[in-house]
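Throughout, a chain's letter reflects where its sequence line sits, starting with A, and its residues are numbered from 1.
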2 protein chains.
Amino acid sequence: MFIGELSRQTGMSTRGLRYYEQQGLLHPLRRSSGYREFNESDVDRVRRIRVLLAAGLNTDLIREVLPCMTGDGAILAPTCEEMAQDLVRERERMSRSIEELKAAHAMLEAIIRAGEPLVARSDC
Amino acid sequence: MFIGELSRQTGMSTRGLRYYEQQGLLHPLRRSSGYREFNESDVDRVRRIRVLLAAGLNTDLIREVLPCMTGDGAILAPTCEEMAQDLVRERERMSRSIEELKAAHAMLEAIIRAGEPLVARSDC
DNA sequence: CTAAACCTTGACGTTAACGTCAGAGTCAAA
DNA sequence: TTTGACTCTGACGTTAACGTCAAGGTTTAG
């Protein structure tokens, strides 16, 4: 499929997909015309990329971990010790992020609850 | 206290603290010399700001919610309906973020686990 | 064959939360 | 009073993941 079709199936802009290729996260074939040709497995691949990006990983690390995640859902071991250490660091950073998010979530929750009994207010 | 002391007690750079003031998150008094004068409660205030920033709230919204959180830990209701709606939206965004983070965390966890039995590897 | 819809590269723009630097004034202890 | 540490404003720099053009080729249905 061409880039527009992949964009439709993933919800990612074509600009974003080209950026992913530039960062080494996607490796489409090329037609003689220069058109990129993606395959079905790239849909899942893009989804995985977005999950990891949303979690705060940068493209450098994503490029390293993607080969550990085959298209059929299998998981492979890290390909080198340095990468394994990076992964552990990122996992810890994520754990901290989750705790911070929960703390902030609790703050908002408390304020929202304090306001809910007063949905019908006269001020404001 | 002056800005350097607040910086030490919070771990936030002086540049960051000035930025917070510029964004309306802090309101230090000023000496005739122009020096900012903070008080003890600003330490907690800065901590709350950082928690909310780390959770992805922007300074505009933080400026609105801070008045709902008094120094002694009490929680007040939102000051207007529009803000209450913003808070609900942000809470939902946070819930999604937490789920995304958990998903990414599980991905890394699986890869790390796949590698751990092989700590002593010959390749790489 | 043609025209609409697609694709290409390249390059500059955007955003938020600061980092960094310069030049100049202020504080406080000795 | 000196001096070293501190503070002020202002302004430009940084970063990542894209957005948004522009100018030009490609595809394909009819």
Side-chain angles (χ1 to χ4, degrees), chain A residues 1-39 42 45-66 86 90 93-94 97 100-101 104, chain B residues 1-39 42 45-66 86 90 93-94 97 100-101 104:
Chain A
M1 73 184 83
F2 292 153
I3 197 169
E5 181 61 23
L6 181 61
S7 170
R8 253 158 286 164
Q9 291 194 29
T10 60
M12 190 62 199
S13 67
T14 59
R15 176 66 176 89
L17 295 175
R18 292 193 188 98
Y19 174 74
Y20 290 169
E21 185 198 17
Q22 188 189 340
Q23 296 297 306
L25 308 183
L26 294 175
H27 305 286
L29 300 176
R30 294 298 187 119
R31 284 201 169 180
S32 57
S33 65
Y35 278 32
R36 293 169 179 81
E37 235 171 345
F38 299 90
N39 55 48
D42 286 323
R45 192 175 175 90
V46 169
R47 294 209 176 114
R48 280 195 293 271
I49 292 170
R50 300 190 77 180
V51 166
L52 294 174
L53 273 179
L57 274 75
N58 58 25
T59 54
D60 289 347
L61 191 51
I62 295 176
R63 177 173 47 251
E64 291 182 358
V65 305
L66 278 181
D86 288 348
E90 282 301 316
R93 195 189 51 71
M94 281 185 196
S97 280
E100 286 172 350
L101 267 171
Chain B
M1 74 183 83
F2 292 152
I3 199 171
E5 181 61 22
L6 182 60
S7 171
R8 253 158 287 165
Q9 290 193 29
T10 60
M12 190 61 197
S13 68
T14 59
R15 176 65 176 92
L17 295 174
R18 292 193 188 98
Y19 174 73
Y20 290 168
E21 185 199 17
Q22 188 189 339
Q23 296 297 308
L25 309 183
L26 293 173
H27 306 285
L29 300 177
R30 292 298 187 119
R31 285 202 169 179
S32 56
S33 65
Y35 276 33
R36 294 169 178 83
E37 235 171 344
F38 299 90
N39 55 48
D42 286 323
R45 192 176 176 90
V46 170
R47 294 205 176 116
R48 280 194 293 271
I49 293 171
R50 301 190 75 180
V51 166
L52 294 173
L53 273 178
L57 274 74
N58 59 24
T59 54
D60 289 346
L61 191 51
I62 295 176
R63 176 173 46 252
E64 291 181 359
V65 306
L66 278 180
D86 288 348
E90 282 300 317
R93 196 189 51 72
M94 281 186 196
S97 281
E100 287 172 350
L101 267 171

Quiz prompt | Close approaches to DNA chain D from residues 21-29 of chain A, in residue order (heavy atom, under 4.0 Å) | solution = none
Quiz item: Sub-3.5 Å donor-acceptor pair from the side chain of Arg48(B) to the main-chain atoms of Ile62(B), do we have one?
Solution: no
Exercise. Ignoring hydrogens and angles, tell me if any N or O in the side chain of Arg50(A) forms a donor-acceptor pair with the backbone of Thr10(A) under 3.5 Å.
Key: yes
Exercise. Decide, yes or no, whether a salt bridge links Arg30(A) with Glu37(A) under the criterion of side-chain N to carboxylate O below 4.0 Å.
Key: no
Quiz item: Taking the side chain from Asp60(B) and the backbone from Arg63(B), do they hold a donor-acceptor pair closer than 3.5 Å?
Solution: no
Exercise. For Arg18(B) and dT7(D), give me the distance from atom CZ to atom C1', rounded to whole Å.
Key: 7 Å
Quiz prompt | Student check: side-chain heavy atoms of Met94(A) and Leu57(A) closer than 4.5 Å | solution = yes
Practice problem: Take the C1' atoms of the five end pairs on each side of the helix from dC1(C)-dG30(D) to dA30(C)-dT1(D), derive the two axes, and give their angle rounded to 10 degrees. | Solution: 10°
Could you pull out every donor-acceptor pair under 3.5 Å between side chains of residues 11-20 of chain B and any protein atom, sequence neighbours left out?
unit_1   : atom_1 : unit_2   : atom_2 : d
Ser13(B) : OG     : Gly16(B) : N      : 3.0

Quiz item: Which residues satisfy the side-chain hydrogen bond (donor to acceptor under 3.5 Å, both in side chains) test with Glu100(B), sequence neighbours excluded?
Solution: none
Practice problem: Run the numbers on Phe2(A) and Phe38(A) for ring-ring contact (aromatic ring centres under 6.0 Å, His included), then give the verdict. | Solution: CA-CA 6 Å; Phe2(A) 292 153; Phe38(A) 299 90; 9.2 Å; no
Quiz item: Just to confirm, is there a sub-4.0 Å distance from OP1 or OP2 of dT26(D) to any side-chain nitrogen or oxygen of Arg36(A)?
Solution: no
Quiz item: Between Ser33(A) and dT27(D), is there a side-chain N or O to OP1/OP2 distance below 4.0 Å?
Solution: yes
Quiz prompt | Of Phe2(B) and Leu17(B), the one whose closest DNA chain C nucleotide lies more 5' | solution = Leu17(B)
Self-check item: Which atom of Leu52(B) lies closest to which atom of Ala104(A), heavy atoms considered
Solution: CD2-CB, 4.1 Å
Exercise. Give, for atom CE of Met1(B) and atom OG of Ser7(B), the distance between the pair rounded to the nearest 0.5 Å.
Key: 11.0 Å
Exercise. Would you kindly compare Tyr35(A) and Tyr20(A) by the position of their nearest DNA chain D nucleotide and give the one closer to the 5′ end?
Key: Tyr20(A)
Practice problem: On DNA chain C, reading 5' to 3', which nucleotide is the first and which the last to sit with an atom under 4.0 Å from a heavy atom of chain A, could you check? | Solution: dC6(C) to dA11(C)
Quiz item: Is any side-chain heavy atom of Ile49(A) less than 4.5 Å from a side-chain heavy atom of Leu26(A)?
Solution: yes
Quiz item: Ile3(B) has an atom CD1; how far is it from atom C1' of dT9(D), in whole Å?
Solution: 12 Å
Self-check item: Candidate pair Leu53(A) and Thr59(A), rule side chain to side chain contact (heavy atoms under 4.5 Å, CB included), full reasoning
Solution: CA-CA 7 Å; Leu53(A) 273 179; Thr59(A) 54; 4.3 Å; yes
Quiz prompt | CA sep, side-chain torsions, deciding dist, call: Arg36(B), Arg31(B), side chain to side chain contact (heavy atoms under 4.5 Å, CB included) | solution = CA-CA 7 Å; Arg36(B) 294 169 178 83; Arg31(B) 285 202 169 179; over 6 Å; no
Quiz item: Do you know which two heavy atoms are closest between Arg45(A) and Leu66(A), and how far apart they sit?
Solution: NH2-CD1, 3.8 Å
Practice problem: Describe the nucleic acid contact of Leu57(B) in one word from base, sugar-phosphate, nothing, applying a heavy-atom distance below 4.0 Å. | Solution: sugar-phosphate
Protein N or O to nucleotides 20-24 of chain D N or O, pairs below 3.5 Å:
unit_1  : atom_1 : unit_2   : atom_2 : d
dT20(D) : O4     : Arg15(A) : NE     : 3.1

Exercise. Scan Arg30(B) against the nucleic acid and name what it touches under 4.0 Å (heavy atoms): base, sugar-phosphate only, or nothing.
Key: sugar-phosphate
Quiz item: What is the nucleic acid contact for Thr14(A), judged by heavy atoms within less than 4.0 Å: base, sugar-phosphate only, or nothing?
Solution: nothing
